[in-house]
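My questions will all concern the structure given below.
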2 protein chains.
Amino acid sequence: MESVFEIIAEPNRRAILDLLASSQRSVGEIERRLRMPQPSVSKHLRVLRESGFVESTVDAQRRLYRLKLEPFQEVDAWLAPFRRFWSVRVDALAHHLDRMDSSKPTKRKTRRRR
Amino acid sequence: MESVFEIIAEPNRRAILDLLASSQRSVGEIERRLRMPQPSVSKHLRVLRESGFVESTVDAQRRLYRLKLEPFQEVDAWLAPFRRFWSVRVDALAHHLDRMDSSKPTKRKTRRRR
DNA sequence: CTTTTATATACTCCGGATAGCATATACGTG
DNA sequence: CACGTATATGCTATCCGGAGTATATAAAAG
């Protein structure tokens with residue numbers, strides 16, 4: 001579980017992140033809103049915390065969790081090289097790759113399609 | 001392995017996608033460039049194909065693989081709600097969440113910090 | 001001090017995903 | 001046709017992560 005991609009691969013964790021996008025929340029709030037067992041919430045929050053997606057502050061017995069930016073930006077950065085393909089027009093990728101085809105087709109006598 | 005996030009969680013698959021971002025490639029090219037066993041490449045390509053990240057065309061005995069857009073856009077779409085936090089200034093998220101704090105602090109007699 | 005509330009952790013179990021290896025399939029070449 | 005090349009698939013062993021349950025810790029309330 002090293003990369004940010006593995007972290008956000010888990011649906012429950014994405015649900016937590018989505019929820020935290022609107023506001024910081026306590027563990028109990030997350031538990032209720034997502035109808036998810038408390039130990040499960042705590043475990044996912046631990047993973048999210050250790051991977052830098054969230055941070056927590058203490059409020060009496062409660063812990064308030066909030067988002068942190070960096071890991072999201074990391075995902076965004078990975079996406080960037082691909083985004084250039086659809087930023088112009090929707091089906092630009094195919095055309096683009098068609099043109100910069102680098103693989104020289106094998107020489108052949110008969111050209112067969114199937 | 002339903003979601004696009006699980007697909008891109010695998011490092012070798014991301015490597016393949018990164019490679020295909022520059023140009024379409026045959027299985028053999030991917031195998032050599034990534035120094036990865038051929039069956040492994042084929043298996044990952046299968047996953048990528050079935051999840052819509054790539055498509056292939058037949059060229060004699062070779063298969064040329066190229067990127068497809070939709071799944072990337074799906075990731076991009078998920079990222080959008082979070083992106084608004086860092087689009088203005090780097091540490092905007094903390095301030096934002098500070099302001100829209102919805103969790104009413106527990107009533108207490110003594111406020112302790114640790 | 002005892003009880004209740006809030007959260008974290010420990011432990012076990014199970015399924016699914018990946019690696020590795022062997023093999024099948026398909027096409028091209030001579 | 002026999003052989004080499006390119007790619008896909010089948011099978012097995014293994015490993016890791018998540019679910020579930022019980023329990024520990026900590027603070028508040030009475």
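Labels below follow one simple rule: chain letters A, B, ... track the order of the sequence lines, proteins then strands, and each chain is numbered from 1.
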Ranking C:dA8, D:dA28, D:dT9 by distance to the side chain of A:S42, first place goes to C:dA8

Just the rounded figure in Å: distance from C1' of C:dT18 to CD of A:E2.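 These atoms are roughly 14 Å apart.
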
Less than 3.5 Å between a donor and an acceptor, one on the side chain of B:Q38 and one on the base of D:dA8, is that the case here? yes

So, do B:F82 and B:W78 have ring centers that fall under 6.0 Å from each other? yes

In whole Å, what is the span from the CG atom of B:D59 to the P atom of C:dA26?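 Spelled out: CG on B:D59 to P on C:dA26 is 17 Å.
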
Taking atom P of C:dT7 as reference, at what distance in whole Å does atom CG of A:L45 sit?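 For the pair A:L45 CG and C:dT7 P, the rounded distance is 10 Å.
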
Write down the distance between CD (B:E50) and C1' (D:dT9), rounded to a whole number of angstrom. 12 Å

Of the listed nucleotides (D:dA6, C:dT5, C:dA8), which one gets closest to any side-chain atom of A:Q61?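 Selected nucleotide (nearest to the side chain): C:dT5.
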
Round to a whole Å and report the spacing from CD1 of B:I8 to P of C:dA17.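 For the pair B:I8 CD1 and C:dA17 P, the rounded distance is 16 Å.
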
Would you mind reading off the distance between B:L64 atom CG and D:dA6 atom P, rounded to a whole angstrom?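 Interatomic distance, CG of B:L64 to P of D:dA6: 13 Å.
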
At under 4.0 Å, does any side-chain N or O of B:Y65 touch on OP1 or OP2 of D:dA8?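 Yes.
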
Taking B:R14 for the side chain and B:I8 for the main chain, is one N or O donor matched with an acceptor at less than 3.5 Å?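 Yes; judged by distance alone, with no hydrogens or angles, the pair exists.
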
Are B:F72 and B:L17 side-chain neighbours, meaning at least one heavy-atom pair lies under 4.5 Å? yes

Looking at A:R46, does any N or O in its side chain come under 4.0 Å of the phosphate oxygens OP1/OP2 on C:dT9?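 True: A:R46 side-chain N/O within range (under 4.0 Å) of C:dT9 OP1/OP2.
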
Atom CZ of B:R62 to atom C1' of D:dG4: distance rounded to whole Å? 16 Å

Give a yes or no answer on whether the side chain of A:R13 reaches the backbone of A:I7 with a donor-acceptor pair at less than 3.5 Å. yes

Donor-acceptor pair, A:R25 side chain versus A:E31 backbone, under 3.5 Å? no

To the nearest 0.5 Å, what is the distance between CD (A:Q73) and CG (B:L79)?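 Answer for the CD-CG pair, A:Q73 versus B:L79, is 9.5 Å.
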
N/O donor-acceptor pair under 3.5 Å between B:R66 side chain and B:T57 backbone: no

Would you give a per-nucleotide map of nucleotides 12-20 of chain D, 5' to 3', where B means the base has a protein non-hydrogen atom under 4.0 Å away, S means only the sugar-phosphate does, and - means neither? -----SSBB

